[in-house]
Protein chains: 2
Amino acid sequence: MQLLLEKVESQILASGGKRSRSRSAVIAQFFRCGRHVSVEELTRLVKKRSPAVGSVTVYRTMKLLLRLGYVNEVDFGEGVTRYESNMSSHHDHLVCKSCGVVTEFIDSRIEELQSEVAHKHEFRPLTHRLDIYGYCRKCDSERDVPEMSV
Amino acid sequence: MQLLLEKVESQILASGGKRSRSRSAVIAQFFRCGRHVSVEELTRLVKKRSPAVGSVTVYRTMKLLLRLGYVNEVDFGEGVTRYESNMSSHHDHLVCKSCGVVTEFIDSRIEELQSEVAHKHEFRPLTHRLDIYGYCRKCDSERDVPEMSV
DNA sequence: CTTGATCATGAAATTCATTTTCATGATAGC
DNA sequence: GCTATCATGAAAATGAATTTCATGATCAAG
Ligand SMILES: [Mn+2]
Ligand SMILES: [Mn+2]
Ligand SMILES: [Zn+2]
Ligand SMILES: [Zn+2]
């Protein structure tokens, strides 16, 4: 982990950037916390250890990591951009519309069929986004329970 | 087409709304123009025939059609919401990153596999969004051409 | 170690799509 | 025609994200 942080920092140096406390704090916290973090959430976490860090620096740092290829932006239609590490390989998402929990999956048959469809349309595919929205098991069973209220 | 407009208007009446010139103009223009229209584009088109109509009314009318189930919102990550008629059945999208052209497709095998994956994860799928980003044939061949500039 | 050029920072201002407010105009049903 | 209710457009407000700007930190050279 410390290794990863140093690798990122040296790549920042190599690309003409400089080290900084705030930025290190943001990067370390990002790799420490879970997936699909929003800037607001990440800022709150960073502020616990480094109260002086503002959200603007978090915005800038995430864009920097994006340029360096360490993160991906994801958007589940909430009006905010979320970030996930690019260390793990490509995957798609199951998004619960009730509790918001996100489950990752990969299905090579679907990936294969996507390539096939693209080529059938003379289209050169580069990336794709497959999000399935619905209810996770917990939320689905809760919705089945007949009226308990009032 | 005139039929469709009347159907929508009567449903608006039934749900407690009233008729209006501006709204009719927006609805008619929407069904007249192509798919994946943004509010800005639609407003410009409407203004040609009805210059007094403001974009706020277009925003409101599209949300109304959304509530009544006539349209879907689509988002290709451009920062603006686009609308498409809900008359045609579900489909997915091939989006050209160069010229922006959007091709629709449907592949029942992919749809089938999505259900399978969801159920494997004890997830009840309701909707999904599959967008494939890349280059259409025209843009792909143009990019292959070696440096022609200066 | 000092210097000086360059980069990074946070606060405030700005942008841009979208929504809300508000005073006024249009509509429907009596 | 009257009137309650809805729809309108302009302007203001919102909220995420970016830019500006004055100041502070960093680093390579000397
Ligand atoms: Mn993910
Ligand atoms: Mn479509
Ligand atoms: Zn859930
Ligand atoms: Zn193209």
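Residue numbering restarts at 1 for every chain, and letters A, B, ... go by the order of the sequence lines. Both backbone and side-chain heavy atoms feed into the values below; hydrogens, waters and symmetry mates do not.
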Lys/Arg-Asp/Glu bridge criterion (N-O < 4.0 Å) met for A:Arg109, A:Glu116:
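A salt bridge is absent here (no side-chain N lies under 4.0 Å from a carboxylate O).
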Taking the basic N atoms (NZ, or NE/NH1/NH2) and the acidic carboxylate oxygens, is any pair closer than 4.0 Å for B:Lys18 and B:Glu9?
no
Salt bridge (Lys or Arg N to Asp or Glu O under 4.0 Å) assessment of B:Glu122 paired with A:Lys138
CA-CA 9 Å; B:Glu122 299 188 288; A:Lys138 183 172 69 66; over 6 Å; no
Contact residues, residues 18-26 of chain B to DNA chain C [heavy atom, < 4.0 Å]
B:Lys18, B:Arg19
Strand contacts (DNA chain C) in residues 37-54 of chain A, 4.0 angstrom heavy-atom criterion
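Per residue number, the list reads A:Ala52, A:Val53, A:Gly54.
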Below 6.0 angstrom between ring centroids: does that apply to B:His36 and B:Phe76?
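Judged by ring-centre distance (under 6.0 Å), B:His36 and B:Phe76 do meet the cut-off.
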CZ of B:Arg60 versus P of C:dC22: gap in Å, rounded?
14 Å
Could you give the NZ-to-P distance, from A:Lys63 to C:dA8, as a whole number of Å?
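To the nearest whole Å, that distance equals 17 Å.
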Mind checking whether B:Phe105 and A:His121 have parallel, tilted or perpendicular rings, split at 30° and 60°?
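The rings of B:Phe105 and A:His121 sit tilted, inter-plane angle from 30° to 60°.
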So, taking the atom named CG in B:Leu42 and the one named NZ in B:Lys47, what distance separates them when rounded to the nearest 0.5 Å?
11.5 Å
Please report the interatomic distance SG(B:Cys99) to CG(B:Asp140), rounded to the nearest 0.5 Å.
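Rounded to the nearest 0.5 Å, the SG-CG separation comes to 11.0 Å.
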Check A:Arg82, A:Arg35, A:Lys48 against A:Glu41 for a salt bridge (Lys or Arg N to Asp or Glu O under 4.0 Å) and give me the one that passes.
A:Arg82
Let me spell it out: for each of A:Gly16 and B:Leu13, pick the nucleotide of DNA chain C with the closest heavy atom. Which residue's pick is nearer the 5' end?
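Upstream on the strand: A:Gly16.
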Give a yes/no answer on whether the side chain of A:Tyr59 brings an N or O atom under 4.0 Å of OP1 or OP2 in D:dA17.
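Checking A:Tyr59 against D:dA17: at least one side-chain N or O falls below 4.0 Å of OP1 or OP2.
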Answer yes if A:Val37 and A:Tyr59 sit in the same cluster of Ile, Leu, Val, Met, Phe, Trp and Tyr residues linked by side chain heavy atoms under 4.5 Å apart, and no otherwise.
yes
Partner of A:Leu68 under side-chain contact (heavy atoms from CB on, under 4.5 Å), chosen from A:Leu66, A:Leu64, A:Val71:
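It is A:Leu64, the one option of A:Leu66, A:Leu64, A:Val71 that forms the side-chain contact (heavy atoms from CB on, under 4.5 Å) with A:Leu68.
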In numerical order, the residues of residues 65-83 of chain B whose heavy atoms come under 4.0 Å of DNA chain D are none
Tell me which of B:Val56 and B:Ile12 sits closer to the 5' end of DNA chain D, going by the nucleotide each one is nearest to.
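The 5'-side residue here is B:Ile12.
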Do B:Glu142 and B:Arg137 pass the salt bridge (Lys or Arg N to Asp or Glu O under 4.0 Å) test, and can you show the C-alpha distance, the side-chain angles, and the key distance before you say yes or no?
CA-CA 9 Å; B:Glu142 280 170 11; B:Arg137 186 166 68 120; over 6 Å; no
